[in-house]
Amino acid sequence: GDGGAGLAVPAAPGRAQVFSTVVDTFLEKLVAAGSYQKFASCYHCFYKLQPQLTRSIYDQFISQLQSSIKEEIQEIKSEGNLEGLFNSLDKIVEEAKDREEPAWRPSGIPEQDVQSALVPYLLKHRSYLRQVLREKEEENRKVAESVLAGRDKIVELQQLIQAHRQAWQ
């Protein structure tokens with residue numbers, strides 16, 4: 001052998017798998033809490049008369065209860081896209097493991113927290129707006145030059161028309 005150096009460490013279960021395990025454990029404990037003995041003691045008179053029927057009713061009740069709970073949980077998982085969200089959360093946690101800088105934590109002073117989150121965004125937005133303003137000012141300068149050139153052309157044409165009119169007269 002290789003002294004165990006080639007053994008792969010099993011990956012930790014994902015959040016979706018942990019959630020399913022928790023639900024299954026909950027169901028097992030629920031069924032254990034509602035044992036047949038407790039069921040029979042609640043319906044003691046009926047149990048004394050027909051124990052087999054009582055057992056059959058209990059078994060059907062527990063089976064229906066488990067399937068109903070499983071269906072409800074599956075519906076919640078589907079509607080809430082829990083599988084996708086759990087996988088996404090697992091991915092985020094996995095990506096964060098390689099980070100060297102600490103994650104942001106609130107300081108406890110809301111004004112500072114909001115400021116620390118908004119100031120970089122607002123500075124970036126201000127820079128963007130200044131760039132747009134420079135572009136618009138340049139565009140306006142070109143349009144103003146074009147308008148002035150057009151006015152000059154109109155004055156030239158008016159003078160040319162005036163000169164032609166005088167020449168005809």
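With rounding to the nearest 0.5 Å, the separation of OH in Tyr128 from CG in Leu122 is 15.0 Å. The line from CD of Gln66 to CG of Asp24 is 9.5 Å long, rounded to the nearest 0.5 Å. Between the CZ atom of Arg55 and the OH atom of Tyr58 there is a distance of 6.5 Å, given to the nearest 0.5 Å. One distance of note links OG of Ser41 with OH of Tyr47; it measures 10.5 Å at 0.5 Å rounding. To the nearest 0.5 Å, atoms CD (Glu83) and OG (Ser20) are separated by 6.0 Å. Distance check: Glu75 CD to Lys77 NZ gives 13.0 Å after rounding to the nearest 0.5 Å.
The shortest side-chain heavy-atom distance between Thr54 and Tyr36 falls under the 4.5 Å cut-off. Using a 4.5 Å cut-off on side-chain heavy atoms (C-beta onward), Ser56 and Gln52 make no contact. The side-chain heavy atoms of Leu27 and Ile73, taken from C-beta on, include no pair separated by under 4.5 Å. Looking at Gln169 and Arg165, their side chains come closer than 4.5 Å, going by heavy atoms from C-beta outward.
Classification of Glu94 and Lys97 as a salt-bridged pair holds, one side-chain N sitting under 4.0 Å from a carboxylate O. Between Arg141 and Glu137 there is no salt bridge, since no side-chain nitrogen of the basic residue lies less than 4.0 Å from a carboxylate oxygen of the acidic one.
Side-chain contact of Gln162 with Gln158: a donor-acceptor pair under 3.5 Å is absent, judged by distance alone.
Cluster annotation: Val18 is not connected to Leu89 through the hydrophobic network of ILVMFWY side chains, with a link wherever side-chain heavy atoms come within less than 4.5 Å. Using a 4.5 Å cut-off between side-chain heavy atoms of Ile, Leu, Val, Met, Phe, Trp and Tyr, with links allowed through other members, Phe61 and Val31 fall into the same hydrophobic cluster. In the hydrophobic clustering of ILVMFWY residues, with side-chain heavy atoms under 4.5 Å counting as a link, Phe19 and Ile69 come out together. The same ILVMFWY cluster, assembled from side-chain heavy atoms under 4.5 Å apart, contains both Tyr43 and Ile62. Both Ile76 and Leu65 are part of a single hydrophobic cluster, where members link through side-chain heavy atoms under 4.5 Å apart.
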Are Val155 and Arg151 close enough, and set up right, to give a side-chain contact (heavy atoms from CB on, under 4.5 Å), and what steps lead you there? CA-CA 6 Å; Val155 168; Arg151 286 181 184 168; 5.6 Å; no
Go through Arg134 and Glu138 one step at a time and tell me if the side-chain contact (heavy atoms from CB on, under 4.5 Å) criterion holds. CA-CA 6 Å; Arg134 280 192 294 274; Glu138 178 64 22; over 6 Å; no
Walk me through it: do Phe39 and Ile57 pass the test side-chain contact (heavy atoms from CB on, under 4.5 Å)? CA-CA 10 Å; Phe39 185 83; Ile57 291 172; 4.0 Å; yes
Ile161/His164 under side-chain contact (heavy atoms from CB on, under 4.5 Å): CA gap, chis, key distance, verdict: CA-CA 5 Å; Ile161 290 171; His164 282 304; 5.7 Å; no
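Within 6.0 Å of the CD atom in Gln115, the count of heavy atoms belonging to other residues, nucleotides or ligands does not exceed 12. Atom CZ of Phe46 has more than 12 neighbouring heavy atoms from other residues, nucleotides or ligands inside a 6.0 Å radius.
No donor-acceptor pair closer than 3.5 Å links the side chain of Ser146 to the backbone N or O of Lys142. Side-chain atoms of Ser127 never come within 3.5 Å of backbone atoms of Leu123 as a donor-acceptor pair (strictly under, hydrogens ignored).
Scanning both residues, Ser116 and Pro120, for their nearest heavy atoms gives O-CD, 3.3 Å. Of all heavy-atom pairs spanning Asp113 and Pro106, the tightest one is OD2-CB, 3.5 Å.
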